[in-house]
Each structure stands twice: as C-alpha cells, then as structure tokens.
> 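I am attaching a structure below and will ask some questions about it afterwards.
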Amino acid sequence: QVHLVESGGGLVQAGGSLRLSCAASGGIFSTLGWYRQAPGKQRELVATITRGGSTNFADSVKGRFAISRDNAKNTVFLQMNSLKPEDTAVYYCYSVSPVYGSYWGQGTQVTVSS
C-alpha cells in the first residue's frame, strides 16, 4: 500500500547541484528522509525530516545539503549543493508510518564526476 516514487538523480560535475524528490503515498508519515549507498559500502543516513520540520543531517553533508517536505503532498526533497565525487551513491527515499512501519524507495543513482 505504501509507495515511494523517486526522481531527480543523474550525473553532475563536482561543485554542482542536484535536487531529488520523493512522492510518498498510502499513509501519513512521521518521518521522511534519504539514505545512500556507495559501491562496497554500507547504507548510511543522509538526512531526515519530521512532520514538524525537525531535521537531522549526516556530518559529511552538513552545510551542503538541505531537506524539506510538503505534508499536503507527502513529498520530500533533498537539495544537494557543492557536490563531491564521494557523494556518488544510490540514494534511497525512506519513510516511517506509525501504522505501516518503515519503507524504502527503489533508489536513484547520483554520480558526481571529478
């Protein structure tokens, strides 16, 4: 029933910007956010945001990334600025529903060239 649709991934040069979006449906979500997984690495937190607007960022992206959400549309955004090659990863939308629990999107590839 819960469905997450991601968009906005692609190829960008180092120092550039990219904006990811995730449209969530099928519930009301206490937390929405983004994780990422680079080849050979563990999946790691990028950023999360609650319905009330409280945010949490990984230290590696603080000052460069911003997260926001539209509660009416159940959509979460990740604005990525000053991108570095080490940001290259598959980015996954993440949701938490009090009723249905946690769900992940299918992932969208972000590649940053040096």
Side-chain angles (χ1 to χ4, degrees):
Q1 187 66 32
V2 173
H3 190 213
L4 308 179
V5 179
E6 301 163 329
S7 62
L11 175 65
V12 65
Q13 292 180 303
S17 298
L18 209 58
R19 181 177 172 88
L20 306 182
S21 64
C22 172
S25 62
I28 298 174
F29 303 97
S30 57
T31 299
L32 293 169
W34 297 89
Y35 284 68
R36 68 187 182 187
Q37 187 168 24
K41 301 292 183 66
Q42 294 283 102
R43 187 175 297 185
E44 65 177 359
L45 171 75
V46 178
T48 60
I49 184 168
T50 68
R51 285 184 61 84
S54 296
T55 59
N56 183 38
F57 295 92
D59 288 341
S60 60
V61 306
K62 286 181 179 177
R64 299 190 297 121
F65 291 10
I67 189 169
S68 61
R69 65 186 286 172
D70 182 337
N71 290 331
K73 296 182 177 180
N74 275 342
T75 301
V76 62
F77 305 92
L78 184 69
Q79 179 66 46
M80 303 184 292
N81 300 318
S82 301
L83 283 162
K84 305 174 180 179
E86 49 262 47
D87 294 317
T88 295
V90 177
Y91 284 69
Y92 295 91
C93 186
Y94 174 72
S95 67
V96 180
S97 165
V99 176
Y100 299 106
S102 300
Y103 283 83
W104 300 88
Q106 78 285 352
T108 184
Q109 178 70 48
V110 172
T111 302
V112 184
S113 62
S114 60

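Values reported hereafter were calculated over all heavy atoms of this structure, with side chains retained and with hydrogens, waters and symmetry mates removed.
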> Rounded to the nearest 0.5 Å, what's the gap from OG1 on Thr55 to CZ on Phe65? Could you check?
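It comes to 14.0 Å.
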> Apply side chain to side chain contact (heavy atoms under 4.5 Å, CB included) to residues Val76 and Tyr94 and explain how you reach the verdict.
CA-CA 9 Å; Val76 62; Tyr94 174 72; over 6 Å; no
> Please find the pair of heavy atoms, one from Leu4 and one from Tyr103, that lie closest to each other, and give the distance.
CD1-O, 3.7 Å
> Could you note down all residue pairs passing salt bridge (Lys or Arg N to Asp or Glu O under 4.0 Å) where residues 98-114 supplies at least one of them, sequence neighbours left out?
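The answer is none; no pair qualifies.
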> Check side-chain contact (heavy atoms from CB on, under 4.5 Å) between Ala47 and all other residues, then give those that pass, not counting sequence neighbours.
Phe57, Ile67, Leu78
> Nearest 0.5 Å, please: how far is CZ in Phe77 from OG in Ser68?
6.0 Å
> Ignoring hydrogens and geometry, is there a side-chain-to-backbone donor-acceptor pair from Thr88 to Val112 under 3.5 Å?
yes
> Taking all atoms of both residues into account, what is the closest heavy-atom pair of Val2 and Ser95, and its distance?
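That closest heavy-atom pairing would be CG1-OG, 4.2 Å.
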> Quick check: closest heavy atoms across Pro85 and Ser114, and the distance to 0.1 Å?
CG-CB, 3.8 Å
> Look up atom CD in Gln42 and atom CD in Gln37, then write down how far apart they are to the nearest 0.5 Å.
7.0 Å
> By the disulfide bond (SG atoms under 2.5 Å apart) test, which pairs, at least two apart or in different chains, include something from residues 67-114?
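Listed by first then second residue: Cys22-Cys93.
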> Side chain of Gln1, backbone of Gly26: donor and acceptor closer than 3.5 Å?
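A pair under 3.5 Å: no.
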> Listed by chain and number, what are the salt bridge (Lys or Arg N to Asp or Glu O under 4.0 Å) partners of Glu86, not counting sequence neighbours?
none
> Please give me the minimum heavy-atom distance between Arg69 and Phe29, naming the atom from each residue.
NH2-O, 2.8 Å
> Check whether any side-chain N or O of Asn71 sits under 3.5 Å from a backbone N or O of Arg51 as a donor-acceptor pair, and report yes or no.
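At least one qualifying donor-acceptor pair exists.
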> Lys62: which residues meet the salt bridge (Lys or Arg N to Asp or Glu O under 4.0 Å) condition with it, sequence neighbours left out?
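By the salt bridge (Lys or Arg N to Asp or Glu O under 4.0 Å) rule, Lys62 matches Asp59.
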> Could you report the tightest heavy-atom contact between Val96 and Ser102, atom names first, then the distance?
CG2-OG, 4.0 Å
> Check whether any side-chain N or O of Thr108 sits under 3.5 Å from a backbone N or O of Ser7 as a donor-acceptor pair, and report yes or no.
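Here the side-chain-to-backbone pair does not exist.
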> For Arg64, which residues count as a salt bridge (Lys or Arg N to Asp or Glu O under 4.0 Å) partner, sequence neighbours excluded?
Asp87
> Rounded to the nearest 0.5 Å, what separation is found between the CD1 atom of Ile49 and the CH2 atom of Trp34?
12.5 Å
> Parallel, tilted or perpendicular: which one describes the rings of Trp104 and Tyr92, with boundaries at 30° and 60°?
perpendicular
